[in-house]
Visitor: 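Pasting a structure here, questions to come.
Each chain gets a letter, A, B and so on, in the order the sequences are listed, and its residues count up from 1.
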Amino acid sequence: MIDIKLLRENPQLFKDGAKAKRFDVNIDTLLDLDSKILSARQMLQDIVTEKNRIGKEIPKLQPLEKQSVLAELGKLKEKEAALNDELKHIQPEFDALMLEVPQPPSPEVPLGLDDTENVEWYKRGEVRTFDFEPKDHMQLGQALDMIDMERGVKLAGTRNYFLKGDGAILHRAVMNFAMDFMISRGYTPMIVPLLMRNEAMRGTGYFPGSEEQTYQMERDELNLVGTAEVPLTAYYMNEMLTEKQLPVKFVAMSSCFRREAGAAGKDTYGLYRIHQFDKVEQVIIGENDEQKSIQYHQEILSNSEAVLQALGLPYRVVNVCSGDLGRGQVQKFDIETWMPSRKSYGETHSASRFYEFQARRLNLKYKTEQKKNVFCHTLNNTVIASPRVLIPIMELYQNADGSITIPTVLRPYMGGRERIEPKQ
RNA sequence: GGAGGAGUGACCGAGCGGCUGAAGGUGACGGUCUUGAAAACCGUUGUACCGAAAGGUACCGGGGGUUCGAAUCCCUCCUCCUCCGCCA
């Protein structure tokens, strides 16, 4: 959520921001509602002040005097009720609109309509060329009995799968490696609840907007999270931290659930776009300081790069363009990892910086050394998401004989083995 | 799932229709004293909104109601605790 005071001062900034992000929100209506609310509240306040003054005198009055004073009060109450009634209509309208106003993007964000206009920042790692006909991850997965898509679909519908045998082992190895790596960098490991109240979904910016993308447990009014960002970022919701506590750095491993509504027919092959996956996610809750936020953004980006480098995967970092940014994001860097079967880089990570946007919705504040109360800043990034990352691992590490070499950093997590080989 | 009990400021805890934004204590901060520290003593110590300010308004788990007036009474939701049942 944005600061209404900033909006009053500079509506054009927010109109331009919304336009660049391709969000449709009526700022003028919002400002109009705002001024109506302000004047109604001012009048209401004056009435209540008067009421309170009269109310205090009542116990001192003679019974006869009381009658006329009570009559006077009655008139005030009528006015009060009318104003309250007006507010009751306007306020929810205002609140709903406020939730829709996008955070304007940083000046460094390239203007663009969609992900095709994201700007490549830099590349790392060598893209492997094969001297044999490489298999894709599904062919490898079947041959090595690591992936069973058919039975996943049989039991749970499209975009569902089983990881089996070495597939399950490799998946766990990747997750555990990433988790241990982040713990070694000082992040606090968390196991988090995956069913979240609407409040937490709204607070992190997913609602309103992503209801269609979310599995909602309507009977219990709970939502299956699409990322551990939600419980981690909302962890201190409605709390007041102290400056000394900051920055808070969390890392969590969790399952993630996404309906992929609107993606019908897109990326239907293999393990790329699926309804359920596991992810190690990093979140920073930091000070209300844009320069520090920018530093933290670099930090979470380089954490993930270090993981990819350790795994020996070639990737590129892209500066996500305005039209591809979410409502709350100030700036976002995606990391895309080379996937031979797609003959392209595919998104594996997404590093976002929000400034106050989420903290305002979450009512997440801290007390500064100067005893002022301000909103925190929040950021998050993927550390690793599997099985999507198994696509480049399996495909890039495959050998001509059909086996897969295990990346060295994963070997300790796989009983010291060097290869995944077909069973005899 | 059934039966009871409870939610007050950073924390503990009093209040149970007007004198209460809220006693008392703890903690924190400032000061006196001291070579320094401790102890003791004195003082300060909530958030949001409107306002240039003075000041005003709201908030005692959330929402709604009764009343001229609610932290105090009623309804509802949430949370926690105790006992019983069930269970990985």
Side-chain angles (χ1 to χ4, degrees), chain A residues 1-9 30-99 101 191-203 207 216-223 231 234-246 248 254-255 285 288 356 359-376:
Chain A
M1 191 156 58
I2 56 110
D3 184 350
I4 185 67
K5 287 179 186 161
L6 295 179
L7 184 81
R8 283 175 198 147
E9 284 165 21
L30 184 63
L31 284 170
D32 183 48
L33 291 172
D34 178 51
S35 68
K36 278 185 182 149
I37 287 170
L38 280 183
S39 69
R41 271 218 289 251
Q42 189 58 55
M43 285 189 275
L44 196 59
Q45 191 178 307
D46 293 341
I47 290 170
V48 175
T49 305
E50 181 64 5
K51 254 182 60 184
N52 287 346
R53 191 187 64 74
I54 295 173
K56 277 197 183 123
E57 284 172 11
I58 286 195
K60 302 177 201 154
L61 297 176
Q62 300 301 315
L64 282 174
E65 295 176 292
K66 250 185 200 171
Q67 292 305 315
S68 67
V69 170
L70 285 180
E72 198 184 328
L73 263 179
K75 283 181 200 157
L76 283 174
K77 287 190 92 177
E78 269 176 44
K79 280 194 210 164
E80 184 189 13
L83 283 168
N84 268 326
D85 206 49
E86 190 186 340
L87 275 176
K88 217 179 262 180
H89 288 290
I90 302 177
Q91 190 71 49
E93 222 182 307
F94 174 82
D95 293 342
L97 262 178
M98 275 300 280
L99 287 177
V101 181
I191 300 293
V192 300
L194 303 181
L195 285 164
M196 289 278 112
R197 292 214 168 117
N198 291 334
E199 222 180 340
M201 301 301 288
R202 204 178 303 119
F207 289 0
Q216 297 183 286
M217 310 291 126
E218 282 165 330
R219 182 157 36 153
D220 301 291
E221 291 188 270
L222 291 168
N223 307 279
Y235 184 71
Y236 289 115
M237 181 172 81
N238 291 328
E239 293 190 38
M240 179 80 73
L241 308 179
T242 61
E243 189 158 10
K244 283 194 189 110
Q245 288 175 267
L246 302 178
V248 173
S254 83
S255 291
I285 299 170
N288 191 299
E356 299 182 346
R360 276 186 179 277
R361 292 172 161 239
L362 289 165
N363 187 221
L364 164 56
K365 295 185 186 176
Y366 71 97
K367 201 176 270 293
T368 65
E369 303 286 357
Q370 294 80 239
K371 309 282 181 213
K372 278 188 64 179
N373 299 331
V374 296
F375 290 103
C376 298

Visitor: Considering only B/A58, B/C49, B/U47, which nucleotide approaches the side chain of A/Asn52 most closely?
Guide: B/A58

Visitor: Looking at A/Glu72, A/Glu80, A/Glu78, which one forms a salt bridge (charged side-chain N to carboxylate O under 4.0 Å, His left out) with A/Lys51?
Guide: A/Glu80

Visitor: What is the distance from NZ of A/Lys77 to C1' of B/C68, rounded to the nearest Å?
Guide: 7 Å

Visitor: Specify the separation, in whole Å, of atom CG of A/Asn373 and atom C1' of B/C49.
Guide: 15 Å

Visitor: Would you say A/Arg53 places a side-chain N or O within less than 4.0 Å of OP1 or OP2 belonging to B/G55?
Guide: no

Visitor: Give A/Arg360 one of three labels, base, sugar-phosphate or nothing, depending on what nucleic acid heavy atoms sit under 4.0 Å from its own.
Guide: nothing

Visitor: Does the structure show a Watson-Crick or G-U wobble partner for B/G17, both distances under 3.5 Å? Name it, or say none.
Guide: none

Visitor: Determine the contact category for A/Gln42: base if any of its heavy atoms lies under 4.0 Å from a base atom, sugar-phosphate if only primed atoms, P, OP1 or OP2 are that close, otherwise nothing.
Guide: sugar-phosphate

Visitor: Taking any strand in view, what nucleotide pairs with B/G30 in a Watson-Crick or G-U wobble way, both distances under 3.5 Å?
Guide: B/C42

Visitor: Looking at A/Lys367, I'd like to know whether one of its side-chain N or O atoms comes within less than 4.0 Å of OP1 or OP2 on B/A28.
Guide: no

Visitor: Could you tell me which nucleotide pairs with B/U47 by Watson-Crick or G-U wobble geometry, both distances under 3.5 Å, or answer none if nothing does?
Guide: B/A58

Visitor: Please measure how far the P atom in B/A23 lies from the corresponding atom in B/G61, and state the result in whole Å.
Guide: 16 Å

Visitor: Just checking A/Leu44: base, sugar-phosphate only, or nothing, at a heavy-atom cut-off of under 4.0 Å?
Guide: nothing

Visitor: OP1, OP2 of B/G56 versus side-chain N and O of A/Lys51: anything below 4.0 Å?
Guide: no

Visitor: Let me know, please, whether A/Lys365 or A/Glu50 comes out on the 5' side of the other along RNA chain B by nearest nucleotide.
Guide: A/Lys365

Visitor: Among B/C68, B/C50, B/U79, which is the nearest nucleotide to the side chain of A/Leu73?
Guide: B/C68

Visitor: Please give me the minimum heavy-atom distance between A/Tyr366 and A/Asn288, naming the atom from each residue.
Guide: OH-N, 2.9 Å

Visitor: B/U45 and B/G21: how far apart are their C1' atoms, nearest whole angstrom?
Guide: 14 Å

Visitor: Please tell me which of A/Thr49 and A/Glu80 maps to the more 5' nucleotide of RNA chain B, matching each residue to the nucleotide holding its nearest heavy atom.
Guide: A/Thr49

Visitor: How many whole angstroms separate atom CD of A/Glu239 from atom P of B/G46?
Guide: 20 Å

